[in-house]
Amino acid sequence: MGRRQNDSEPCRFISLTFLLAGFISCALVYTVLSVALNSNTNSKGSNFEPLTLAEESNDGGCCRGIEKLELWGRAVKWGSDHKFNSSKECCQACKAMCNGIDGPCLCDTWVFCGNKKACGSKFGECWLKKQKDIFSPDRQDAGDRVIWTSGLIFGKGEGIVGLETEYGTLHIKLFPDCAPHSVAYILELLTLRHCAGCQFYRAEGRGQLWDSEGNHIKKAPFGPPFAIIQGTLEAQGTPFKNIPTEECPYIRRGSVAWVGSGPEFFISLADHQEWKKAYTVFGSVLPEDMEIAEKIAQLPTKSDVWNNINVSVLEKPVPLSLRRLDGWGDLNKNVKSD
């Protein structure tokens with residue numbers, strides 16, 4: 001399944017050359033990375049390992065889109081009369097039209113032309129648009145010949161998907177402005193009738209290392225346990241393409257992030273400042289649903305060793321399914337099992 005290996009023990013028949021190379025590589029890693037990050041290279045087949053970080057974002061939040069993609073939709077501001085110097089400014093202009101407490105955003109899509117040579121007279125054009133269905137944006141074109149960069153904006157109460165389990169539904173707010181490629185993949189999954197193979201297979205509680213709000217206890221180690229539930233979001237029979245590294249927020253309690261390039265992912269039960277911005281965070285579980293994640297973390301597990309790290313694997317994996325939620329009204333339908 002994806003990059004997850006079937007057997008959890010390292011191969012016993014590795015040549016001396018590879019052992020030596022691995023030793024040297026580990027030594028180099030330890031010289032440049034924090035002990036906390038190194039201690040968390042623990043996923044089966046797709047390790048919790050440091051990634052090449054994308055461009056740092058300002059404290060004001062993320063504003064990213066997908067290059068060589070043109071999204072269509074009803075224009076609320078025409079690009080010919082609305083120009084900026086960067087895609088970030090275009091994105092921020094759309095966000096400025098999406099600051100209400102309730103209801104849909106006036107702008108949920110931005111389209112920018114930022115290549116002077118390719119765009120010609122269209123350079124700097126920033127089209128602000130409104131989709132009929134934010135979960136199924138109208139795609140005009142994509143590919144190398146496309147000169148546009150496009151992005152989505154979800155307002156409060158929008159862009160929330162349901163991750164359904166037998167223990168309740170985890171409502172996840174997606175972050176398209178931070179992780180546009182990741183969110184595009186989730187929107188593709190929503191079009192499937194099922195997500196066969198999607199499941200949680202690892203569960204580790206907070207132990208005595210973090211408090212109930214996810215704060216790390218002073219002078220306590222950072223694991224194990226690592227305060228996460230981990231699984232995969234790869235539907236069997238559907239080809240999966242690695243997701244580019246995207247990052248914006250730090251890992252906090254409720255963060256939903258990829259392990260490496262996916263499809264393995266985890267939900268954090270605690271704040272993990274020690275992991276810096278090494279993982280692509282593409283959403284966050286609504287606070288009121290974290291009790292479901294905690295419940296899964298307390299299910300029966302068995303010990304295992306992944307790449308010399310002790311982990312806790314669920315005795316019985318928990319199947320997942322995804323469904324779209326169209327607004328605040330759907331949140332009242334989340335019935336949590338006892």
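Keep in mind the model is a prediction, meaning the values are calculated, not measured.
- Note that CG of D177 and SG of C62 are 5.5 Å apart. Values are rounded to the nearest 0.5 Å.
- The shortest distance between side-chain heavy atoms of H272 and W210 falls below 4.5 Å.
- Side chain of K173 to main chain of E158: a donor-acceptor pair is present (N/O by atom type, distance under 3.5 Å, no hydrogens or angles).
- The two residues L71 and V111 make their nearest non-hydrogen contact at O-CG2, 3.4 Å.
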Does the pair W127 and W78 meet the rule for a ring-ring contact (aromatic ring centres under 6.0 Å, His included), with working shown?
-> CA-CA 5 Å; W127 292 78; W78 289 69; 5.1 Å; yes
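- Taking the six-membered ring where the residue is Trp, the centroids of W275 and F266 are separated by under 6.0 Å.
- The side-chain heavy atoms of Y250 and S255, taken from C-beta on, include no pair separated by under 4.5 Å.
- In this structure, OG in S212 is found 6.0 Å from CZ in R206, a value given to the nearest 0.5 Å.
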Evaluate the criterion side-chain contact (heavy atoms from CB on, under 4.5 Å) for residue pair I228 and R202; output intermediate values, then yes/no.
-> CA-CA 8 Å; I228 61 168; R202 176 185 177 190; 3.7 Å; yes
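- Taken from CG in L209 to NZ in K219, the straight-line distance is 15.5 Å, to the nearest 0.5 Å.
- Listed here is the closest heavy atom pair of W110 and L152: NE1-N, 4.2 Å.
- Taking hydrophobic clusters as Ile, Leu, Val, Met, Phe, Trp and Tyr residues chained together by side-chain heavy-atom distances below 4.5 Å, W148 does not share a cluster with W72.
- In this structure, NZ in K276 is found 13.0 Å from CD1 in I251, a value given to the nearest 0.5 Å.
- Looking at every heavy atom in both residues, S182 comes nearest to W258 through OG-NE1, 2.9 Å.
- Put simply, CZ on R139 and CG on L69 are 5.5 Å apart, with the number rounded to the nearest 0.5 Å.
- A 4.5 Å side-chain heavy-atom check between H216 and F222 finds at least one atom pair inside the cut-off.
- Transitive grouping of hydrophobic side chains (ILVMFWY, heavy atoms separated by less than 4.5 Å) keeps F123 and V146 in distinct clusters.
- Q131 contributes no side-chain N or O that, together with a main-chain N or O of P137, makes up a donor-acceptor pair within less than 3.5 Å.
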For D271 and R253, run salt bridge (Lys or Arg N to Asp or Glu O under 4.0 Å): C-alpha distance rounded to whole Å, both residues' side-chain angles, the deciding distance at 0.1 Å, then the answer.
-> CA-CA 5 Å; D271 295 346; R253 177 173 166 81; over 6 Å; no
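- Of the possible donor and acceptor atoms, none in the side chain of K68 sits under 3.5 Å from a partner among the backbone N and O of D141.
- The 12-atom threshold is not exceeded at CD of Q208, counting heavy atoms of other residues, nucleotides or ligands nearer than 6.0 Å.
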Chi angles and distances behind the side-chain contact (heavy atoms from CB on, under 4.5 Å) call for T165, K295 | CA-CA 11 Å; T165 76; K295 185 181 297 185; over 6 Å; no
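- Of all heavy-atom pairs spanning V161 and L190, the tightest one is CG1-CD1, 3.8 Å.
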Could you walk me through whether I229 and L314 pass the side-chain contact (heavy atoms from CB on, under 4.5 Å) check?
-> CA-CA 10 Å; I229 55 175; L314 287 169; over 6 Å; no
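- Between F154 and F135, the ring planes are tilted. Angles from 30° to 60° get that label.
- Between the OG atom of S150 and the CD atom of Q140 there is a distance of 10.0 Å, given to the nearest 0.5 Å.
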Dump the intermediate steps for side-chain contact (heavy atoms from CB on, under 4.5 Å) on R252 and S268, then the final yes or no.
-> CA-CA 7 Å; R252 303 185 186 279; S268 181; over 6 Å; no
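- Checked against the 2.5 Å cut-off, the SG-SG distance between C94 and C107 falls under it.
- The environment of NZ in K122 is sparse: at most 12 heavy-atom neighbours from other residues, nucleotides or ligands sit within 6.0 Å.
- Listed here is the closest heavy atom pair of N85 and F112: C-CZ, 3.9 Å.
- A 6.0 Å sphere centred on CD of E67 holds no more than 12 heavy atoms belonging to other residues, nucleotides or ligands.
- Between C198 and C195 the SG-SG gap is short of 2.5 angstrom.
- Residues L106 and V76 have side chains not in contact (no heavy-atom distance under 4.5 Å, counting atoms from C-beta outward).
- In this structure, the side chains of L163 and L233 come closer than 4.5 Å at one or more pairs of heavy atoms.
- Side chains of Y201 and Q230 form a contact here, defined as non-hydrogen atoms less than 4.5 Å apart.
- Under the 4.5 Å side-chain criterion, counting only non-hydrogen atoms from C-beta, K302 is not in contact with D304.
- In the hydrophobic clustering of this structure, F265 groups with Y167; members are Ile, Leu, Val, Met, Phe, Trp, Tyr whose side-chain heavy atoms approach within less than 4.5 Å, directly or through other members.
- For H181 (side chain) and I243 (main-chain N/O), no donor-acceptor pair under 3.5 Å exists by modelled atom type.
- A side-chain contact (heavy atoms from CB on, under 4.5 Å) with P249 is found for one member of Y279, F282, F175 and no other, namely F175.
- In the model, E164 has a side-chain atom that pairs as donor or acceptor with a side-chain atom of S321 under 3.5 Å.
- Scanning all heavy atoms of the two residues, the minimum distance from T169 to G162 falls at CG2-CA, 3.8 Å.
- Put simply, F200 and L189 are part of the same group of oily side chains (I, L, V, M, F, W, Y) that touch within less than 4.5 Å, one to the next.
- C91 is listed as a side-chain neighbour of I153, based on a closest heavy-atom distance under 4.5 Å.
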